[in-house]
Number of protein chains: 2
Amino acid sequence: MAIWLLLLLSYAIFPLYSSAISTTNKITPGFPSSKFIQPEQQPTKTNITSKLYKEKFFTQILDHFNYNPQSYQKFQQRYLINDKYWGGSSNNNSPIFVYTGNEGDIEWFAQNTGFMFETAPYFKALLVFIEVLWEVHALWGSKEIAYSNSTTLGYLSSTQALADYATLILDLKNNLSATHSPVVVFGGSYGGMLAAWFRLKYPHVAVGALASSAPILNFDNITSHLVSTISSPKTSGNYISAGSLSNWLGTAYTYTAMTDYPTPTNFLNPLPAYPVKQMCKAIDDPATGNNTFEKLYGAANIYYNYTGEAKCFDLVDDSDPHGLGGWTWQACTEMILLTDGNTEDSIFPASNYSYNDRLEFCKSNFNIEPRPSWIPTEFGAQHIHRVLKRFGSNIIFFNGLRDPWSGGGVLKDISKSVIAIVAKEGAHHVDLRFSTSEDPGWLQDVRKREVNIISKWLSQYYHTLIDSPNS
Amino acid sequence: MAIWLLLLLSYAIFPLYSSAISTTNKITPGFPSSKFIQPEQQPTKTNITSKLYKEKFFTQILDHFNYNPQSYQKFQQRYLINDKYWGGSSNNNSPIFVYTGNEGDIEWFAQNTGFMFETAPYFKALLVFIEVLWEVHALWGSKEIAYSNSTTLGYLSSTQALADYATLILDLKNNLSATHSPVVVFGGSYGGMLAAWFRLKYPHVAVGALASSAPILNFDNITSHLVSTISSPKTSGNYISAGSLSNWLGTAYTYTAMTDYPTPTNFLNPLPAYPVKQMCKAIDDPATGNNTFEKLYGAANIYYNYTGEAKCFDLVDDSDPHGLGGWTWQACTEMILLTDGNTEDSIFPASNYSYNDRLEFCKSNFNIEPRPSWIPTEFGAQHIHRVLKRFGSNIIFFNGLRDPWSGGGVLKDISKSVIAIVAKEGAHHVDLRFSTSEDPGWLQDVRKREVNIISKWLSQYYHTLIDSPNS
């Protein structure tokens, strides 16, 4: 039963990986820090991968959609590249695999996307990992200045990110004389949404997308709903409201549910295999008797101190080791993800979350109003199913059902080439992680299926290229 | 032979309907004015249609893709609406036909898009004609101020226009409780490009698009090409360079070729049926003997003075009766349409047009540099054929081969539902015009085919709606 409690709870959190900026605010629970934990020997292949890519920079235009003088400013967009496995450009048209970077440090995401490194030799693929605009601070002197007001933060948006990717990719292909090399985009979580949207908006740039754990259906379809919420607040979610402690506890339970991986990992914090199971064990531990707090603390310990090396915890720790500081901004502008929870059966006090709370937070923090109807307007929302039946192609939506975000994911095939892969025991973008020798059969099967589908896209592309080289 | 000469010439003009602002510049020939011509009895049904729509305004956000404080400003976006034939909203889900407004006064385009008025009763369609951002001047006090610098003009772009349409349409549907009413978009010329792109970028808003005379393939596919042109100028077009007179003549020949309609019209100027034929007659007129200038003047007279009422012509007339003043700006930012002509066999002096000329013009006029690779990046370019084979659906590309712009149009079916309709004798978006009793059989057939295809889209949509009302 404990696992259901955790799952219910974790639905209540809106950020994908929430920002450190806002730990003190009930709306955006803080990003979990590992600063009191000595990292154990990494179970992921961080040490290997960090040698496998080079850091490069692309001179990117600041605003693609406006032509005022400010928009022409340039910034250095960071990307990582690995050409070790690449089959070459103009002669072979070998593919380019691009990771559409999330809301943070691109190296962190690259190091946790072993799938691309491990499949690159098979596909002879060039690997590229692109960081989004967030590192734009050089333009304004420092990150602090860039993040201090809405004039500079204004450029941070999903549509600019997609246009950045398209611009960088086409320029890179051009520089490599690889105009005809097919591009496949990959992304997990928010990066998965970007990958799916990229395929939909830029089909002439990417032949397909693997969108892992992308809750693209978590946006409201109906403009009026959220607008009317402004005037009549009502409960539509379950946000932790009892201050730092419950925030600290909630963060542990939520992120453990998201990262309930079948093998030991160190994505957010070092965790054992199937950490939710370990949390449940801690809760059920007879030694803690009926002491609820002891039980909760024991469970949280799995998340915060699995290595057992921490001596104390900072409940309002606001370090941001993965550079996720911009997410709070995005949650105040366009990323108005609908989350729902069970306010009755929760261990946390029922909260009266409403759109108004978000509005007030955003006004006081950034002097800005969210645009809740923008994402549904730009990308579609819950009814996108109907549209994609006859429009678009070549997208894999992977979801692991243990991941609370799977509730907003595409869980059924939409068409022959817009495909849902669902793993009952899977967690947040587990398919993208490095393989290990302990990976269960279902995970190996998921990855095999993904490789097969991507192979098909590429083979289709090459056939079209041969059939009509100049049209 | 004369007709080929005219066609070759007219390829050399880059604006769809060029702007009055720039009559004195060789790069952007002036928009033809009718100010010395008394309008004859209109062959189109202007008088009827002007009573058939109501003018409305929508409070639109200034910049959809940025979140700085300026972007939140609102302006009143004008649209025209006709609900006379509409079958109703929530019960019937009757369709909504939307014209995606061009680079000018939306009333002018509405009055020249009889196809929508004439098919509305059959489809029980609501008609909406949306004007683009260009009427944003209220925000800045006056049109003169708005058009005076790149800070205010910066918001005028194709992507903002598409986002404006999506926002307005979804809000309108919501207000009419017509969430499930399917939307079909229509457009001719630049409006046709916007219609096609709207279907591709916003498939969740529009079920299909009729894109008439939309030269979407007239953009360069290769980023580097235009960039390299900057450093090494070369001839890639044939622009009239011999001042006002040749500009004035070129305008006449070009626009007559574009509007070589089979019946008398008054779209740009009052013209007889098949005006190119009349021009050829004037050139071949034995009365003018070997006097080349007399022949050219006689031909131009067809365009400028068919009614015979003009006493003199203003060769540098810069009136702008249809509000097309913003096109020069767009031609300096993103609408870098590739045009080609025969510089050898032209009656005009060979010109050394290069991208550099455009660049210099744009720098001196707006202090701005074009972004020639943006449209290919955002929407794809010449290779979009390959992409649309397996991506996207429900687009009709109509082209009339007498229209010089058909050279940049989609002239072959791309897939089962991305269809090219080509009329050998057709001119610029002739299919969208009001029908007349003299319409030739081929034109009637084109319109019937378009109606049938649109019916199919709608029927498919209603089936999907019945099959999965809540998914």
Side-chain angles (χ1 to χ4, degrees), chain A residues 61 63-69 71-72 150-157 159-160 163 166-167 170-171 174 179 200-205 222-224 329 333-334 367-369 371 373-374 376-394 417 460 464-465 468 471, chain B residues 61 63-69 71-72 150-157 159-160 163 166-167 170-171 174 179 200-205 222-224 329 333-334 367-369 371 373-374 376-394 417 460 464-465 468 471:
Chain A
I61 199 163
D63 188 339
H64 301 276
F65 305 105
N66 198 316
Y67 293 93
N68 62 20
S71 72
Y72 277 79
S150 57
T151 299
T152 44
L153 274 169
Y155 299 98
L156 176 51
S157 75
T159 46
Q160 299 282 1
T167 305
L170 291 180
D171 188 83
N174 199 53
T179 313
L200 290 173
K201 296 284 192 184
Y202 296 87
H204 50 289
V205 183
I222 302 157
T223 310
S224 68
W329 167 258
T333 52
E334 56 187 20
N367 192 26
I368 206 165
E369 271 191 46
R371 297 180 189 168
S373 59
W374 172 242
T377 299
E378 178 69 7
F379 300 112
Q382 289 152 12
H383 293 298
I384 195 77
H385 277 92
R386 279 209 292 254
V387 174
L388 296 182
K389 268 185 192 169
R390 292 201 184 78
F391 188 99
S393 59
N394 297 4
S417 70
Q460 232 173 22
T464 309
L465 196 62
S468 56
S471 72
Chain B
I61 199 162
D63 188 339
H64 300 276
F65 306 105
N66 199 316
Y67 294 92
N68 61 20
S71 72
Y72 276 78
S150 57
T151 299
T152 45
L153 274 169
Y155 299 98
L156 176 51
S157 75
T159 47
Q160 298 282 0
T167 305
L170 291 180
D171 188 83
N174 198 53
T179 313
L200 291 173
K201 295 285 191 184
Y202 296 88
H204 50 289
V205 184
I222 302 156
T223 310
S224 67
W329 167 257
T333 52
E334 55 187 21
N367 194 25
I368 206 166
E369 269 191 46
R371 296 180 190 169
S373 59
W374 172 242
T377 300
E378 178 69 7
F379 300 113
Q382 289 153 12
H383 293 299
I384 195 75
H385 278 91
R386 279 208 292 254
V387 175
L388 296 181
K389 268 186 190 168
R390 292 199 183 79
F391 188 100
S393 58
N394 297 4
S417 70
Q460 232 174 22
T464 309
L465 197 62
S468 56
S471 72

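Just so you know, these numbers come straight off a predicted model, no measurement behind them. Because only heavy atoms are used, hydrogens play no part in the values below, and waters and symmetry mates are left out as well, while side chains stay in. Every chain is numbered from 1, with letters handed out A, B, ... down the list of sequences.
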Quick one: are A/T151 and B/P69 in side-chain contact, heavy atoms under 4.5 Å?
yes
Heavy-atom distance under 4.5 Å to chain B: side chain of A/F379, backbone, both or neither?
backbone
Could you check, using the six-membered ring where one of them is a Trp, whether B/F65 and A/Y155 have ring centers closer than 6.0 angstrom?
no
Identified side-chain hydrogen bond (donor to acceptor under 3.5 Å, both in side chains) counterpart of B/N66 within the set A/N68, A/T159, A/D63
A/D63
Which label fits A/W374 and B/H64: parallel for a plane angle under 30°, tilted from 30 to 60°, or perpendicular past 60°?
parallel
Applying side chain to side chain donor-acceptor pair (under 3.5 Å), run through B/R390 and A/S417 and close with a yes or a no.
CA-CA 10 Å; B/R390 292 199 183 79; A/S417 70; over 6 Å; no
Pair B/R371-A/S71, side-chain donor/acceptor within less than 3.5 Å
yes
Closest non-hydrogen contact found for A/L156 with B/Y67 is O-CD1, 4.3 Å
Which bit of A/L388 is near chain B, if near means a heavy-atom gap under 4.5 Å: side chain, backbone, both or neither?
neither
In terms of heavy-atom pairs under 4.5 Å with chain A, the winner among B/T167, B/I368, B/N394 is B/I368
Distance-minimising heavy-atom pair for A/T377 and B/H204
O-NE2, 2.8 Å
Can you check whether A/K201's main-chain N or O pairs, donor with acceptor, with B/K201's side chain at less than 3.5 Å?
yes
If you look at every heavy atom in B/L200 and A/F391, which pair is closest and at what distance?
O-CZ, 3.4 Å
Heavy-atom pairs under 4.5 Å with chain A are the metric here; pick the option from B/A166, B/G392, B/A163 that has the most.
B/G392
To the nearest 0.5 Å, what is the distance between NE2 (B/H383) and CG (A/L465)?
9.0 Å
